[in-house]
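Throughout, protein chains are lettered first and strands after them, A, B, ... in sequence-line order, and every chain is numbered starting at 1. Since this is a predicted model, take the numbers as computed values, not measurements.
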Amino acid sequence: MEIGDNRLHDIQEMLLQWYLENQRDLPWRRHSNAYYTLVSEIMLQQTKVATVIPYFERFIKRFPTVYDLADASDDDVVKLWEGLGYYSRARNLHAAIKEVVATYDGVIPNEKEKISKLKGIGPYTTGAVLSIAYKQKVPAVDGNVMRVFSRLFDMEDDIAKPATRKKMEAIAEQIIPDRSPGDFNQALMELGATVCTPKSPECLFCPIRNFCKGYQAGREHILPIKTKAKAPKKASVIMFGVKWNNKLLVQKRPSSGLLANMWALPTENRMEEMPYISQIEEYCEMNQYSAKISEDVYRFEHIFSHRHWKIILISMELSENPVYLPKRSIWVDEQSVLEFAFPKVYQKALEQLGYRN
DNA sequence: AACACGGGGAG
DNA sequence: CTCCCAGTGTT
């Protein structure tokens with residue numbers, strides 16, 4: 001990719017000026033603080049700004065500095081992430097900040113080799129923190145930037161391929177100005193998020209329309225090229241609504257895999273080779289529950305981006321306090337279940353379990 | 001290189 | 001409903 005010197009300079013100036021005038025007022029932009037930058041960038045991975053704002057406010061209020069976060073329990077950190085998705089981000093961020101306090105005296109490192117070794121900080125977040133917080137000339141190529149470049153240079157590379165991100169980074173290296181590299185990176189992402197959008201880009205409001213090869217070719221609508229994701233894998237699960245004394249039994253999920261470490265209604269993979277009634281009876285026997293099992297079950301579905309769950313919800317009212325509880329389990333009021341991860345599922349589940357929402 | 005890992009918004 | 005969005009770690 002070759003860009004003429006004049007055109008390059010104009011693109012830089014137009015973008016920086018546009019960003020200066022049009023940037024959104026966001027909580028993490030109000031102070032210059034590497035910790036704020038890091039937390040917001042982790043939260044913004046795969047997640048829209050509007051979704052992140054309330055989570056960021058709450059997180060920083062609870063953990064104002066790296067020391068507060070480093071001292072926190074895993075449970076407290078994960079609790080503040082409930083509903084945000086991709087929960088390994090919370091685990092990794094916690095580990096990274098502990099490392100910052102233990103090894104770097106509480107200062108997020110400003111060297112690429114050091115910061116990129118921290119948990120959960122890959123090439124994008126490395127570039128974002130180094131450029132935004134430390135004013136270094138390092139690319140931060142996210143999906144927005146790849147979309148903008150695809151159109152700006154009329155590129156047909158498949159942005160779903162890992163190799164394409166490398167190519168985009170090489171282009172970014174050539175384009176980032178010495179002055180305000182952080183603002184320039186944010187300008188590219190802001191443009192992608194608000195003007196150069198995936199569908200119906202608003203080219204008439206674009207500050208670099210006149211330099212855009214894709215726009216000139218009338219191809220902005222078909223760019224970027226991106227192969228479709230595979231359909232979610234199907235799975236069947238049984239979800240247990242175990243009630244006693246007006247409380248609901250919830251269980252902390254395993255520390256790896258889907259919804260790792262999240263509180264949830266006890267859920268088992270369906271054993272396809274036996275009737276589901278038998279599996280439910282087996283579950284009750286294993287836990288020594290003496291229970292009245294409701295005769296009808298409630299069936300519904302939930303689709304994650306990569307998994308499609310068919311859920312059988314079974315309700316059971318225990319007739320006595322069980323002698324022991326299953327591992328990682330506690331009794332809670334039904335209201336607290338709505339704060340858990342995947343609240344939409346629990347909203348449906350609670351209605352079926354006879355609770356009024 | 002392929003897969004696992006959530007949840008929200010637009011049309 | 002259907003489609004789209006997409007960083008990092010693991011295998």
Side-chain angles (χ1 to χ4, degrees), chain A residues 37-55 78 80-96 115-129 139-150 157-166 168-169 172 185 188-189 192-194 196-202 221-235 253-264 267 300-309 311 338-348:
Chain A
T37 304
L38 178 55
V39 171
S40 65
E41 289 300 339
I42 299 286
M43 285 186 171
L44 286 163
Q45 291 168 6
Q46 278 78 31
T47 313
K48 298 249 184 298
V49 163
T51 306
V52 165
I53 289 174
Y55 280 90
V78 121
L80 285 189
W81 215 271
E82 273 176 352
L84 197 53
Y86 283 125
Y87 300 97
S88 66
R89 292 183 297 173
R91 268 203 318 283
N92 289 337
L93 173 61
H94 194 198
I115 193 171
S116 62
K117 280 198 175 65
L118 297 173
K119 285 279 187 215
I121 302 186
Y124 164 72
T125 308
T126 295
V129 174
V141 174
D142 72 345
N144 290 307
V145 176
M146 289 203 283
R147 184 170 55 255
V148 170
F149 284 177
S150 290
D157 301 71
D158 180 356
I159 65 166
K161 296 215 174 300
T164 302
R165 195 188 54 78
K166 293 274 195 184
M168 296 285 185
E169 276 183 350
N185 281 341
L188 283 174
M189 294 188 271
T194 63
C196 196
T197 47
K199 281 178 288 189
S200 315
E202 307 211 62
H221 293 283
I222 64 164
L223 294 172
I225 307 293
K226 185 182 183 186
T227 53
K228 290 192 194 313
K230 288 203 282 190
K233 266 175 63 180
K234 292 189 177 182
R253 291 177 57 86
S255 55
S256 65
L258 188 67
L259 301 168
N261 281 331
M262 304 306 293
W263 289 102
T267 301
F300 61 109
E301 302 190 351
H302 182 71
I303 301 174
F304 303 93
S305 56
H306 59 298
R307 199 168 297 210
H308 186 148
W309 268 10
I311 302 167
L338 287 173
E339 298 164 10
F340 290 0
F342 64 151
K344 282 180 181 168
V345 167
Y346 289 133
Q347 182 108 28
K348 274 192 232 173

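Within the nucleic acid shown, P198(A) comes within 4.0 Å of sugar-phosphate atoms alone, with no base atom in reach, counting heavy atoms only. Here I121(A) lies in heavy-atom contact (under 4.0 Å) with sugar-phosphate atoms only. Among the heavy atoms of the strands, none lies under 4.0 Å from S88(A). Among the atoms of the strands shown, only primed sugar atoms or phosphate atoms (P, OP1, OP2) are found under 4.0 Å from some heavy atom of Y124(A). Residue-level contact check: A160(A) touches neither bases nor backbone, having no heavy atom under 4.0 Å from any strand. Counting any heavy atom pair closer than 4.0 Å across all strands shown, L259(A) reaches sugar-phosphate atoms only and no base atom. Contacts of R147(A) with the nucleic acid, taken as non-hydrogen atoms under 4.0 Å apart, involve only primed sugar atoms and P, OP1 or OP2.
Donor-acceptor pairing under 3.5 Å, judged by distance alone, is present between the side chain of T47(A) and the base of dG6(B). Side-chain atoms of Q46(A) come within donor-acceptor range of the base of dG7(C), with a qualifying N/O pair under 3.5 Å.
The side chain of K226(A) contributes an N or O atom lying less than 4.0 Å from OP1 or OP2 of dC5(C). Phosphate contact (OP1/OP2 of dT8(C), side-chain N/O of T125(A), threshold under 4.0 Å): present. Phosphate contact (OP1/OP2 of dA6(C), side-chain N/O of Y86(A), threshold under 4.0 Å): absent. R165(A) has no side-chain polar atom (N or O) that falls below the 4.0 Å cut-off from OP1 or OP2 of dA6(C). An OP1 or OP2 oxygen of dC3(B) is reached within less than 4.0 angstrom by a side-chain nitrogen or oxygen of K230(A). At dG7(B), none of the side-chain N or O atoms of K48(A) fall inside 4.0 Å of OP1 or OP2 (strictly under the cut-off). Taking 4.0 angstrom as the limit, K233(A) places a side-chain polar atom (N or O) nearer than this to OP1 or OP2 of dA4(B).
Out of dG8(B), dT8(C), dC5(B), the shortest distance to the side chain of P123(A) is found at dT8(C). Listed candidates were dG7(C), dG7(B), dG6(B). Nearest to the side chain of Q45(A) is dG7(C).
DNA chain B is contacted by both L84(A) and K161(A); K161(A) maps to the nucleotide lying nearer its 5′ end (nearest heavy atom per residue). For P224(A) and T126(A), each mapped to the nucleotide of DNA chain C holding its nearest heavy atom, the one lying further toward the 5' end belongs to P224(A). In terms of position along DNA chain B, the nucleotide closest to P162(A) lies nearer the 5' end than the nucleotide closest to the other residue of the pair P162(A) and S305(A).
In this entry the distance linking CD of E82(A) with C1' of dC5(B) reads 17 Å, nearest Å. Straight-line distance from the NE2 atom of H306(A) to the P atom of dC4(C): 19 Å, rounded to whole Å. To the nearest angstrom, C1' of dG7(C) lies 9 Å from CD1 of I42(A). Separating the CG atom of D142(A) from the P atom of dG7(C) is a distance of 5 Å, rounded to the nearest angstrom. Separating the CG atom of L338(A) from the P atom of dG7(B) is a distance of 14 Å, rounded to the nearest angstrom. One can place CG of L38(A) at 13 Å from C1' of dT8(C), the figure rounded to the nearest angstrom. The interatomic distance linking D158(A) (CG) with dA2(B) (P) rounds to 11 Å, in whole Å. Between the CH2 atom of W81(A) and the P atom of dG6(B) there is a distance of 12 Å, rounded to whole Å.
D158(A) and T227(A) share a side-chain donor-acceptor pair at under 3.5 Å. In this model, a donor atom of one side chain and an acceptor atom of the other lie less than 3.5 Å apart for R147(A) and N144(A).
Using bins of under 30°, 30° to 60° and over 60° for the plane-to-plane angle, the ring pair F342(A)/F304(A) lands in the tilted bin.
Formation of a donor-acceptor pair under 3.5 Å by the R253(A) side chain with backbone atoms of A260(A) is not found in this model. T197(A) places no side-chain N or O within 3.5 Å of a backbone atom of T194(A) that could act as its donor or acceptor partner.
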Tell me, with the steps shown, if M262(A) and F340(A) meet side chain to side chain contact (heavy atoms under 4.5 Å, CB included). CA-CA 8 Å; M262(A) 304 306 293; F340(A) 290 0; over 6 Å; no
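Distance noted for atom C1' between dA6(C) and dA2(B): 15 Å (whole Å). Spacing between dC5(B) and dC5(C) at atom P, rounded to whole Å, works out to 23 Å. For the P atom pair drawn from dC4(C) and dG6(B), the interatomic distance equals 22 Å after rounding to whole Å.
Looking only at side-chain heavy atoms (C-beta outward), Q45(A) and Y86(A) stay at 4.5 Å or farther from each other.
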